Amino acid sequence: MEKRVMTDGKRRRRSLAAAAAVLGGVLVLSACSDGDKGGSASGSATPQSQAQVDEAAAQKTSKAKITISPKNGTQNASINKDAKVSVADGKLTEVVITTAEGEAVEGEIAADGLSWKPTGQLERATVYKIAATATDAGGLEAHENSSFTTVSKANSFIGNFTPEDGSTVGVGMPVSINFNKAITDKKAVQGGVTVTSSSGQEVVGHWFNSQRLDFRPDDYWTEGSTVTLKLDLDGVEGAEGVFGVQQKTVTFKIGRNQVSTVDVATRTMTVTQDGKTIKTIPISAGSPENPTYNGQMVISEKFKETRMNGATVGFTDDDGKGEYDIKDVPHAMRLSTSGTFIHGNYWGPDSIFGSANTSHGCVGLNDVKGAGDPNQQAAWLFDHSIVGDVVIVKNSKDKTIAPDNGLNGWNLSWADWKAGSAV
């Protein structure tokens, strides 16, 4: 009897025929199989090329196209606006974002199903993983995944700003931003900060140094106006490898126009509101040895009582202790970073107010110990003043206060102020 040898090609054809019989004519394809290039003996529609195989597979693939931001592997991602998911030709059905440790983060799919974003701010220096699922019109699912790392504290900067959101301030209050890291690309950072006024006044920024940026108009703010500060610094590179993380809008109101003018020569202070004099108060300014700065100053803080120690501002005795140390100075309002205040004075005799300048550089008004008498001159001024009010000192023997010593940029001309802008 003749012995027949089955070739590999014959074995493959018989195997395909048997599989077809078992599966009721359903042809099972493998994307990685070479197939039988010679075709089926039964004439079934076996794909003839890789392109046909891919086309057949595509018929079983969702048309939904998911896009995840940031891209997989991104470093220094924003904590505010980078994380987002969108889909085309489909609807998102599920998006899960977790930390590398598995802690879930809340997020929300838009009502139209086309996008997703976190509902809160992400943490800095954290690895996040996003897994997204979407379906197309035929109900077929698509999946996409991404992992990214948010910017670290070492690689990010923030700006601490004044005044506070929702506050009401005086007409002299600048917007002052102090960055926690030195800024080398001032143009990029200033470009991410916008300050506008409902009055329509032109507002310009001025850099005092690499970490401080103030904004003001040419003249004092218009009373009753609203000022809006927008920080769009998220992702802005302020220095090499150091990125902003803030995305915030702040508004504050400008109150009535109050300006208090101290005349050191006559030892009086004239208080005006909206251009009208409402009170004249006798004062005692800096002594001839310690004169008060001249210039326009802005009230930056108010304290019903506070301690004043000469050692903290350079007034010391031979033993290194302060020339004065008063632990309960009443009705104190700060005018400079270096320690200039306008405040109540209970330790001097009544006779000095309006007749002698005796202080270490501050402007003193008559008051009582404990700040408990509302009829005192210092109490009246304290109660009628708000942060941002202007105090002008003139006719002193001292120089004009430096514009960066406190919130006192009004001592720069408008041309000099604009020259300090980076945009």
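Side chains are part of it too, since the values below use all heavy atoms of this structure and drop only hydrogens, waters and symmetry mates. Here the structure is a predicted model, which is why all the values come from computation and not from measurement.
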Report the C-alpha distance between S284 and T358 in whole Å, list the side-chain angles of each, state the deciding distance to 0.1 Å, and finish with yes or no for side chain to side chain donor-acceptor pair (under 3.5 Å).
-> CA-CA 6 Å; S284 179; T358 62; 3.1 Å; yes
Decide if atom CD of E123 counts as having more than 12 heavy atoms of other residues, nucleotides or ligands within a radius under 6.0 Å.
-> no
Could you tell me whether a side-chain N or O of T74 sits under 3.5 Å from a main-chain N or O of P70, the two making a donor and an acceptor?
-> no
Say whether, by atom type as modelled, one donor and one acceptor occur between the side chain of W410 and the main chain of G172 under 3.5 angstrom.
-> yes
I158 side chain near V245 side chain, heavy-atom distance below 4.5 Å | yes
With no hydrogens and no angle check, do the side chains of D234 and S78 hold a donor and an acceptor under 3.5 Å apart?
-> yes
With F215 via ring-ring contact (aromatic ring centres under 6.0 Å, His included) - residues at least two apart | none
Answer yes or no: is there a side-chain heavy-atom contact under 4.5 Å between V242 and I183?
-> no
Around atom NZ of K248, are there more than 12 heavy atoms of other residues, nucleotides or ligands at under 6.0 Å?
-> no
Between the main-chain N or O of G275 and the side-chain N or O of T272, is there a donor-acceptor pair closer than 3.5 Å?
-> no
Could you list the residues that satisfy side-chain hydrogen bond (donor to acceptor under 3.5 Å, both in side chains) with T194, not counting sequence neighbours?
-> none
Residues two or more places apart in sequence or in another chain: which of them pass side-chain hydrogen bond (donor to acceptor under 3.5 Å, both in side chains) with N366?
-> D350
Does the side chain of Q211 reach to within under 4.5 Å of the side chain of N178, using non-hydrogen atoms?
-> no
Going by an N to O cut-off under 4.0 Å, is there a salt bridge joining K65 and D89?
-> yes
Donor-acceptor contact present, side-chain Q258 to main-chain H384, <3.5 Å = yes
Test item: T222 side-chain N/O and S225 main-chain N/O as donor-acceptor pair under 3.5 Å | no
Any ion pair linking D328 and K369 (charged N to carboxylate O, less than 4.0 Å)?
-> yes
Are the side chain of T184 and the backbone N or O of G238 linked by a donor-acceptor pair below 3.5 Å?
-> yes
State, without any angle test, whether S421 and Q190 hold a side-chain donor-acceptor pair at a distance under 3.5 Å.
-> yes
Check whether any side-chain N or O of N408 sits under 3.5 Å from a backbone N or O of V298 as a donor-acceptor pair, and report yes or no.
-> yes
Run the numbers on N395 and D263 for side chain to side chain donor-acceptor pair (under 3.5 Å), then give the verdict.
-> CA-CA 6 Å; N395 296 326; D263 189 330; 3.0 Å; yes
Shortest non-hydrogen contact from S385 toward M333 = CB-SD, 3.7 Å
Between D389 and G170, the two heavy atoms sitting closest are OD1-CA, 3.5 Å
Is atom NZ of K230 surrounded by more than 12 heavy atoms (other residues, nucleotides or ligands) closer than 6.0 Å?
-> no
So, are D232 and K81 salt-bridged, with charged N and O less than 4.0 Å apart?
-> yes
Any sub-3.5 Å donor-acceptor pair from T98's side-chain atoms to A104's backbone N or O?
-> no
What do you reckon, is NZ of K153 surrounded by more than 12 foreign heavy atoms closer than 6.0 Å?
-> no
Enclosure of K304 NZ (heavy-atom neighbours >12, cutoff 6.0 Å) = no
Closest non-hydrogen atoms of F252 and E164, given as atom of the first, atom of the second and distance, are CB-O, 4.0 Å
Is a side-chain donor-acceptor pair under 3.5 Å present for Y220 with Q296?
-> yes
When you look at CD of Q121, are more than 12 heavy atoms from neighbouring residues, nucleotides or ligands closer to it than 6.0 Å?
-> yes
Does the N357 side chain pair with the main chain of A285, one donor and one acceptor, at a distance under 3.5 Å?
-> yes
Side-chain donor-acceptor contact under 3.5 Å, S338 with N405 = yes
Strictly by modelled atom types, are S156 and R124 linked by a side-chain donor-acceptor pair under 3.5 Å?
-> yes
Using 4.0 Å as the upper bound for N to carboxylate O, is an ion pair formed by D214 and R212?
-> yes
Whether T251 side chain and V227 backbone form a donor-acceptor pair below 3.5 Å | no
Among T150, I79, D82, whose side chain to side chain contact (heavy atoms under 4.5 Å, CB included) with Y128 holds?
-> T150
Which heavy atom of A132 sits nearest a heavy atom of V85, and at what distance?
-> CB-CG1, 4.0 Å
